[in-house]
There are 2 protein chains.
Amino acid sequence: MQKIISSPDRYLHVQCSDCPIRHRAVCARCDDDELQLLEEVKFYRSFEAGQTIVWSGDRMDFVASVVSGIATLSQTMEDGRRQMVGLLLPSDFVGRPGRETAAYDVTATTDMLMCCFRKKQFEDIMLSTPHVGQRLLEMTLDELDAAREWMLLLGRKSAREKLASLIAIIARRDAALKLMQPEGQVSFDLPLSREAMADYLGMTLETVSRQVSALRRDGVIEIKGKRHVTIPDFDRLIEEAGDDQDGGFLT
Amino acid sequence: MQKIISSPDRYLHVQCSDCPIRHRAVCARCDDDELQLLEEVKFYRSFEAGQTIVWSGDRMDFVASVVSGIATLSQTMEDGRRQMVGLLLPSDFVGRPGRETAAYDVTATTDMLMCCFRKKQFEDIMLSTPHVGQRLLEMTLDELDAAREWMLLLGRKSAREKLASLIAIIARRDAALKLMQPEGQVSFDLPLSREAMADYLGMTLETVSRQVSALRRDGVIEIKGKRHVTIPDFDRLIEEAGDDQDGGFLT
DNA sequence: GCATGCAATTGATCTAGGTCAAAGAATCCA
DNA sequence: TGGATTCTTTGACCTAGATCAATTGCATGC
């Protein structure tokens with residue numbers, strides 16, 4: 001059985017009986033019977049780091065919630081230029097009810113566990129419980145907001161602002177998983193390689209590396225090893241990111 | 001009464017009794033009674049060129065379909081940097097059922113007429129007719145695909161490819177409205193100023209102008225006056241745009 | 001006809017970020 | 001313990017596109 005948990009971000013979360021994490025709720029308004037229905041048809045799949053989960057254009061016959069690990073959504077041009085268009089962190093939902101095929105490559109960047117539902121079964125549940133569909137619409141609108149905020153980043157921000165924005169987003173998501181607000185000093189591991197960050201930010205890995213160094217030199221972030229980041233002052237970081245509103249819809 | 005018309009693009013269109021254009025169907029699967037319901041609550045609003053329809057963060061208590069004219073969705077940073085995140089052409093739908101406020105500035109770039117529904121009433125119709133909600137989910141997924149394809153453009157394409165992509169998209173939309181496929185020679189008016197294009201493409205108006213000149217010099221496009229474009233060979237244009245798949249979800 | 005005003009073009013520079021190349025670090029095996 | 005591999009940093013240079021600054025070309029009104 002699942003249990004609904006309120007959280008400080010705009011999502012409700014659902015605790016599955018045997019998933020260690022809280023999923024962003026697809027079914028925050030479901031009653032116990034409906035939750036039971038989802039429980040019964042769910043199954044788990046695991047993927048290895050580096051493995052491509054689906055290729056753009058492939059049939060994708062399941063939808064899923066990330067239990068652990070990180071995956072990326074990306075598009076690639078024939079000549080190899082790549083742009084990440086989304087990041088899947090624990091609790092995120094993937095899949096497109098009503099769509100036959102995947103629109104992007106989905107690639108595991110770490111080992112992953114996903115809590116899956118057969119698409120057909122999930123769609124049936126959507127039909128019989130309209131608020132699941134509504135919730136999905138809301139989630140899709142959130143993703144759309146995130147994508148459009150990212151368009152502002154890609155089109156108009158400087159390399160330094162881009163880096164600061166990415167770090168802020170990861171910090172926020174990390175805090176949200178712990179049901180906290182990011183404030184004052186924050187600490188976490190970067191889930192992405194420099195190359196993956198570059199693909200996300202529309203720049204080269206060298207520029208990413210230089211900007212990481214610059215932000216460290218200027219005391220905006222502290223780095224231990226390659227991936228562990230400490231943010232001494234979250235507000236300072238937000239300022240560097242150039243965001244007008246502190247909230248932000250970015251995933 | 002509205003009448004459903006099939007079209008060559010992926011959308012079904014609905015012809016309202018007294019709108020001269022076909023709306024992208026919000027209700028392609030509605031029966032006559034349901035269509036009647038929408039007919040009864042619809043109303044019209046017009047806006048002047050340059051007028052801001054809603055500001056980001058404002059209450060927006062209606063949803064609408066564009067009848068005539070063009071509007072843009074954009075985000076602006078405090079220092080004035082602006083990024084367009086969407087383009088509203090005749091037949092497009094605007095609005096966010098289930099959301100209180102607008103997420104972006106919506107600005108009319110020409111005089112406009114919109115066919116509106118009070119949000120509350122529209123939401124009620126969504127509740128009583130689930131497939132309206134489903135259709136809306138599909139449309140939102142389309143918009144998400146478009147936004148993500150645009151992310152690839154903003155992050156990874158050269159100025160020339162960006163320009164070619166934008167022209168191709170406008171040509172496709174223009175053809176779709178006429179229920180045609182863009183093929184061979186195509187001709188239409190650019191609905192945007194050089195500055196608006198620049199805001200859409202994440203570059204400066206000077207660079208837009210230079211690339212327009214370059215594409216003309218190279219025979220990819222022909223220009224009469226400032227705005228009228230003829231594309232002698234649509235496939236050539238697509239090639240210049242660097243798109244791997246010819247389809248494209250872009251709005 | 002001639003001023004006024006705006007959108008668009010074009011030219012001359014400048015620079016942020018890309019490209020190419022060479023070292024470090026960290027991790028993994030054997 | 002010592003390659004081998006992979007990720008990251010740093011440096012030197014270059015270029016696409018930004019910036020700054022004139023024009024040019026149309027409209028509009030007088």
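Residue numbers start from 1 in every chain, and the chains themselves are labelled A, B, ... in the order their sequence lines are given, proteins ahead of strands.
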- dG18(C) phosphate, OP1 or OP2, under 4.0 Å from T204(A) side-chain N/O: yes

- Is the distance from OP1 or OP2 of dG17(C) to the nearest side-chain N or O of T207(A) less than 4.0 Å? no

Can you say whether a donor on the side chain of [X] sits under 3.5 Å from an acceptor on the base of [N], or the other way round?
X	N	value
R160(B)	dG17(D)	no
E195(A)	dC7(D)	no
R216(B)	dT10(C)	no
R227(A)	dT27(C)	no

- Item | Exam field: side chain D92(B) to backbone L89(B), donor-acceptor pair closer than 3.5 Å | yes

For the pair made of [atom1] in [X] and [atom2] in [N], what is the distance, rounded to whole Å?
X	N	atom1	atom2	answer
L163(B)	dA16(D)	CG	C1'	14 Å
K157(B)	dA16(D)	NZ	C1'	17 Å
K162(B)	dA18(D)	NZ	C1'	12 Å
E206(B)	dT13(C)	CD	P	16 Å
L192(B)	dA8(C)	CG	P	10 Å
L205(A)	dA25(C)	CG	P	18 Å
R217(B)	dT10(C)	CZ	P	8 Å
R210(A)	dA21(C)	CZ	C1'	11 Å

- So, K157(B) versus S165(B): side-chain donor-acceptor pair below 3.5 Å or not? yes

- Before giving the answer on side-chain contact (heavy atoms from CB on, under 4.5 Å), spell out for W150(B) and D145(B) the whole-Å C-alpha distance, their side-chain angles and the decisive distance to 0.1 Å. CA-CA 8 Å; W150(B) 207 252; D145(B) 284 339; over 6 Å; no

- Query: Given dG18(C), dA26(C), dT9(D), which nucleotide is nearest the side-chain atoms of K226(A)?
  - Reply: dA26(C)

- With sugar-phosphate meaning primed atoms plus P, OP1 and OP2, does S213(A) contact a base, only sugar-phosphate, or nothing at under 4.0 Å between heavy atoms? sugar-phosphate

- Message: Just to be sure I understand the rule, does S193(A) reach a base, reach only the sugar-phosphate, or reach nothing, if contact means heavy atoms closer than 4.0 Å?
- Response: sugar-phosphate

- Query: Strictly under 6.0 Å, is that where the ring centroids of W55(B) and Y104(B) end up?
  - Reply: no

- Heavy-atom closest pair, residues F188(A) and H228(A): O-ND1, 3.4 Å

- Mapping S209(A) and R156(A) to their closest nucleotides on DNA chain D, which lands nearer the 5' end? S209(A)

